[in-house]
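For reference, the structure is listed below as structure tokens.
Numbered from 1 within each chain, the chains take letters A, B, ... in sequence-line order. Computed from a predicted model, the values in this text were never measured in an experiment.
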There are 2 protein chains.
Amino acid sequence: MPYMTSIENVMTRPTDINELNHRAEEVAALLKTLSHANRLLIACALTEGEMSVGDLASYTGAEQSHLSRDLSRMRHEGLVKARRQSKNVFYRLIDNRLERLVAALCDTFGAAGVK
Amino acid sequence: MPYMTSIENVMTRPTDINELNHRAEEVAALLKTLSHANRLLIACALTEGEMSVGDLASYTGAEQSHLSRDLSRMRHEGLVKARRQSKNVFYRLIDNRLERLVAALCDTFGAAGVK
DNA sequence: GCATATATATATCATATGCCATATATGACA
DNA sequence: TGTCATATATGGCATATGATATATATATGC
């Protein structure tokens, strides 16, 4: 191991590399879900509160089937929750990491970002 | 367009939906790059300053060829820059959006995140 | 030429995406 | 009740994109 320029950094990290990687994979998984314009916009929209699928369609301009599939995925990943009210299904965020992350994104990218 | 619950939101957004989508795609592209444990760790490591590929190998535990490929990708995307010094190649972040984003991730996920 | 450090190529495989069709659920109304 | 319209969900299929493993290539210093 010839290159130890940042040995302290490595050492002050979560005990071992496996642990670090495990954590990185979790965060990366979340980012992966957001790494698609439609899902990112969905997440962004929902930070403002509950919205129906129809609302989200207006907001994102996405095709209905895509929207539904993306919401399904986000549901399975525990990011959003659905609630049916008559003909509409309303979605809301249930992972506050996600809320905070989207807020951070808006912060970082400002008007050029997601908001 | 029956569902206008959040018409104000839509309207206070970047002029039109195309514009909004375009912005979302840019951010999504950045997130996509970070949505992989190795690249996320690379970005995280580099927020602490320049590191050689060897350093990054120690830090992330990733295989050399993977590391090189990921760095190549990040280079092409304008996220990092390389500088050769004798046998080593040192990388550093050159996109401050990335720095801010990683900082936000650390903030959001704390010790459970990337740091 | 040899060792070390880094980069790239190739093959294979899995997954995501888009497009389109269709299915289900709810409500309205004859 | 039966049918119709609306809202949402899901499935098939072609293609694109990304991951992984492995091999090989380039650059530097001795």
Interatomic distance where [atom1] belongs to [X] and [atom2] belongs to [N] [whole Å]:
| X | N | atom1 | atom2 | value |
| --- | --- | --- | --- | --- |
| B/Met51 | C/dA5 | CE | P | 17 Å |
| A/Asn88 | D/dT6 | CG | P | 13 Å |
| B/Leu71 | D/dT26 | CG | P | 20 Å |
| A/Lys87 | C/dA28 | NZ | P | 7 Å |
| A/Asn38 | C/dG18 | CG | P | 7 Å |
| B/Lys32 | D/dA19 | NZ | C1' | 13 Å |
| A/Phe90 | C/dA25 | CZ | C1' | 15 Å |
| B/Glu77 | D/dG18 | CD | C1' | 12 Å |

Among [options], which nucleotide has an atom closest to any side-chain atom of [X]?
| X | options | value |
| --- | --- | --- |
| A/Ser68 | D/dG18, D/dT8, C/dG27 | D/dT8 |
| B/His36 | D/dG29, D/dA19, D/dG18 | D/dA19 |
| A/Ser86 | C/dG27, D/dA7, C/dA5 | C/dG27 |
| B/Ser65 | D/dA21, C/dT8, D/dA19 | C/dT8 |
| A/Arg84 | D/dA9, D/dA21, C/dA25 | C/dA25 |
| B/Arg75 | C/dT8, D/dT10, D/dA7 | C/dT8 |

Worksheet item: Looking for any heavy atom pair under 4.0 Å, which part of the strands does A/His66 touch: base, sugar-phosphate only, or nothing?
Response: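 The answer is base, as A/His66 lies within the cut-off (heavy atoms under 4.0 Å) of a base atom.
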Does some side-chain heavy atom of [Y] sit less than 4.5 Å from a side-chain heavy atom of [X]?
| X | Y | answer |
| --- | --- | --- |
| B/Thr47 | B/Leu98 | no |
| B/Met74 | B/Arg39 | yes |
| A/Leu46 | A/Val80 | yes |

Worksheet entry | Check: B/Gln64 side chain, C/dA7 base, donor-acceptor under 3.5 Å |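 Pair found.
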Looking at [X], does any N or O in its side chain come under 4.0 Å of the phosphate oxygens OP1/OP2 on [N]?
| X | N | answer |
| --- | --- | --- |
| A/Arg73 | D/dT10 | no |
| B/Arg69 | C/dT10 | no |
| A/Tyr91 | D/dA7 | no |

Worksheet entry | Check: B/Thr60 main-chain N/O paired with A/Asn21 side-chain donor or acceptor under 3.5 Å |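 Yes: the side chain of A/Asn21 pairs with the backbone of B/Thr60.
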Fill in: Closest approach of A/Leu105 to A/Leu40 (non-hydrogen atoms, all atoms of both residues)
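Here A/Leu105 and A/Leu40 meet closest at CD1-CD1, 3.9 Å.
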